[in-house]
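Sequence lines set the chain letters: A, B, ... in the order given, protein chains first and strands last, and positions in each chain run from 1.
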Amino acid sequence: DTAVSQTPKYLVTQMGNDKSIKCEQNLGHDTMYWYKQDSKKFLKIMFSYNNKELIINETVPNRFSPKSPDKAHLNLHINSLELGDSAVYFCASSQIINNPNTGELFFGEGSRLTVL
Amino acid sequence: GQQLNQSPQSMFIQEGEDVSMNCTSSSIFNTWLWYKQDPGEGPVLLIALYKAGELTSNGRLTAQFGITRKDSFLNISASIPSDVGIYFCAVPSGAGSYQLTFGKGTKLSVIP
């Protein structure tokens, strides 16, 4: 069983389109994240949700809208895609509450978005 | 935001050689972490360090939490082809430490 699964794994689309990436974790964790990895492999936090509530929203254009229907899911919707949005997007989860932050994030396999 | 300076950026080594990489920061942290990212996969935690001066091993991997709490290093001994990948240092940061800040990564290539 995959602990953190995200779909699709690959996404190729035209500029201006809207697309979504879905993420699910079966680890029972209370916190989920979206990270963006650019072409230089730099990993940067985008959003963090704890028990369906947004707790981190880094400087991300408001074209990016996360949605957490329950604590096991965190989806990412992107409007009006731009060339600079091309990257690998990673979903991750961790257990924060009643657990000292050990720093262990469990990552999905990534979703490679290519905007043409 | 906090910046982690990770070096070297990339390394090419012969199979069997030892490898060393490090991470420094101008800020103090109470936790240092090392992750590895295999090609086409997400990062996976290798070693977590929670105490200044701590030296922790995981198989052929050894990591140390610097005594100043501003740095950490990772050593890999007797490298093998499956050690190939990108190694990241990371620290919990932000309010409530709900996020990790990652270094820019060290890309390791092992020549058989």
Q.
Counting heavy-atom pairs under 4.5 Å with chain B, which one of Arg112(A), Lys9(A), Lys41(A), Lys40(A) comes out on top?
A.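 Looking at each option in turn, the highest pair count goes to Lys41(A).
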Could you pull out every donor-acceptor pair under 3.5 Å between side chains of residues 51-61 of chain B and any protein atom, sequence neighbours left out?
residue: Glu54(B); atom: OE1; partner: Tyr50(B); partner atom: N; Å: 2.7
residue: Glu54(B); atom: OE1; partner: Lys51(B); partner atom: N; Å: 2.9
residue: Glu54(B); atom: OE2; partner: Thr56(B); partner atom: OG1; Å: 3.1
residue: Ser57(B); atom: OG; partner: Thr62(B); partner atom: OG1; Å: 3.3
residue: Asn58(B); atom: ND2; partner: Leu46(B); partner atom: O; Å: 3.0
residue: Arg60(B); atom: NH1; partner: Ser77(B); partner atom: O; Å: 3.0
residue: Arg60(B); atom: NH1; partner: Ala78(B); partner atom: O; Å: 3.3
residue: Arg60(B); atom: NH1; partner: Asp83(B); partner atom: OD2; Å: 2.9
residue: Arg60(B); atom: NH2; partner: Asp83(B); partner atom: OD1; Å: 2.8
residue: Arg60(B); atom: NH2; partner: Asp83(B); partner atom: OD2; Å: 3.3

Q.
Would you call the rings of Phe107(A) and Phe90(A) parallel, tilted or perpendicular, taking 30° and 60° as the class edges?
A.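 If you compare the ring of Phe107(A) with that of Phe90(A), the planes turn out perpendicular.
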Q) Taking only residues at least two apart or on different chains, which pairs with a member in residues 63-73 of chain A satisfy salt bridge (Lys or Arg N to Asp or Glu O under 4.0 Å)? A)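 The answer is Arg63(A)-Glu82(A), Arg63(A)-Asp85(A).
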Q | Heavy-atom contact with chain B under 4.5 Å, split by part of Lys44(A) | A |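 Neither the backbone nor the side chain of Lys44(A) comes within 4.5 Å of chain B.
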Q.
Just checking Glu41(B): does its CD atom have more than 12 heavy atoms from other residues, nucleotides or ligands closer to it than 6.0 angstrom?
A.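 Yes, because the 6.0 Å sphere around CD of Glu41(B) holds more than 12 heavy atoms from other groups.
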Q | Structural part of Gln37(B) lying under 4.5 Å from a heavy atom of chain A | A |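 It is the side chain, since no backbone atom gets that close.
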